[in-house]
Amino acid sequence: MSEPARPSSAATPPRRSAAHVPLAFDRGHTDDLMTFLTASPTPYHAVANAAERLEKAGFRQVMEADAWDGAGGGKYVLRGGAIIAWYVPEGAAPHTPFRIVGAHTDSPNLRVKPRPDTGTQGWRQVAVEIYGGPLLNSWLDRDLGLAGRLSLRDGSTRLVNVDRPLLRVPQLAIHLDRSVNADGLKLDKQRHMQPVWGLGEDVCDGDLIAFLEDLAGIPTGEVTGWDLMVHSVEPPAYLGRDKELLAGPRMDNLLSVHAGTAALTAVAASGAGLPFIPVLAAFDHEENGSQSDTGADGPLLGGVLERSVFARGGSYEDRARAFAGTVCLSSDTGHAVHPNYAERHDPTHHPRVDGGPILKVNVNNRYATDGSGRSVFAAACEKAGVPFQSFVSNNSMPCGTTIGPITAARHGIRTVDIGVAILSMHSARELCGAKDPFLLANALTAFLEG
């Protein structure tokens, strides 16, 4: 296929409930998350799918190179693998603060090099580079597809998705590495992670791109650039005796992108009287530092928010007032307590799957949460009838980080780090509770409502 498969329906709108009353689990939301994950093998597909859902909810795309008007309603900007969407309520003043759900669209994986065609010993291979910090062993002996963005000679781009077994990174047989179970698997990123995709003695430069051109119906030689990445073709699935777990790819962090999209469309549908301007900011390149024109450390979010203020007749003073009252929830996955490695976690903080979203805290600012931010999130969860948990790392373990501290520092806005607790983070296939995505979406909805 030359275009990604599209979700059959928009996300199930998060359901509201009275404060203090726990929500009844709606499996429809999690079913829709599975559809979204399958249809979004790359950041480019993820933002295209999010944009389609926003369009169905009445949002319209605005181009960065065009002049913006001050009209209300839902709008969004697409740039590469990032999307910023916002809803301006009727009568919103230029200094109206924003409520932002922040997330990221990228996941650790294997990405195709500029000269992709390689091979040896009669095997045809694809040259890949390691993106982010994947669990390399999780990519071994797995049926892999190939997807991404093709750039054409005329300056246009085309999404492509080979969602069938095409590639495989074969592991060395135990007979040729007798010590692997005793001493552990040791993988060299350059020598051991190049997938095979066929047979042949000669390396044929241009063969992979010609294959994709033919698949996408593009004339030969028209593709002059590409951003391609490998993905597991095994679909998401419920797991366990009572199907209370969800296994699937790219939950870090498309789970949050999906929940944020559902929350924003739900809030926009009832948009009268909103005290804030709700925003979804889904960035690319979080897994390698966020320093790009589509990353959280770039100017994209600040530029969009400022232009929204100015388009509604605001001044720099209005911009400063709006930012002073703005809060961002940086929503990313976190670590559930692992049953086989409980000692790796803080002894008094053991987040459990299906226990509700986690509030992520680190006093060294690897997460942006402070006490005032905790109060904002606690109020949203109370309003939504959603339980929440707290996460801190074991003092002896280095802590990961998110777009939260970057967003807070770059834009001077109060930011709170939250997310869903999962196992197998950065694996080709991760694991969460089946209820938690639904609970997160409801908490985000309450937060955006203010």
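No hydrogens, no waters, no symmetry mates; every other heavy atom, side chains included, goes into these values.
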Heavy-atom distance under 4.5 Å between the side chains of E129 and L110, does that happen here?
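With C-beta onward as the side chain, the pair stays apart.
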F283 versus T294: any side-chain heavy-atom pair under 4.5 Å?
no
Any side-chain hydrogen bond (donor to acceptor under 3.5 Å, both in side chains) involving residues 405-424? Give me the pairs, sequence neighbours left out, ordered by first then second residue.
S330-D417, T402-D417
Residue list, side chain to side chain contact (heavy atoms under 4.5 Å, CB included) with N395, at least two apart or on another chain:
none
Could you check whether atom [atom1] of [X] has more than 12 heavy atoms from other residues, nucleotides or ligands sitting under 6.0 Å from it?
X    : atom1 : answer
R374 : CZ    : no
K113 : NZ    : yes
R321 : CZ    : no
E317 : CD    : no
W123 : CH2   : no
K435 : NZ    : no

Aromatic Y238 / basic R27 pairing, under 6.0 angstrom, 45° off normal
yes
Mark yes or no: R319 above the aromatic ring of F323, with NZ or CZ under 6.0 Å from the six-membered ring centre and no more than 45 degrees from the axis.
yes
When you compare the side chains of H231 and T42, does any donor N or O come within less than 3.5 Å of an acceptor on the partner?
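The criterion, which ignores hydrogens and geometry beyond distance, is not satisfied for T42 and H231.
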Distance-only polar pair, side chains of R250 and T105, donor-acceptor under 3.5 Å
no
Measure centre to centre between the rings of H285 and H104, then say whether the value is under 6.0 Å.
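No; H104 has its ring centre 6.0 Å or more from that of H285.
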Please round to the nearest 0.5 Å and tell me the distance separating atom CG of L150 and atom CG of L212.
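L150 atom CG to L212 atom CG measures 6.0 Å (nearest 0.5 Å).
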Over 60° means perpendicular and under 30° means parallel, so classify the ring planes of F388 and F377, tilted if in between.
perpendicular
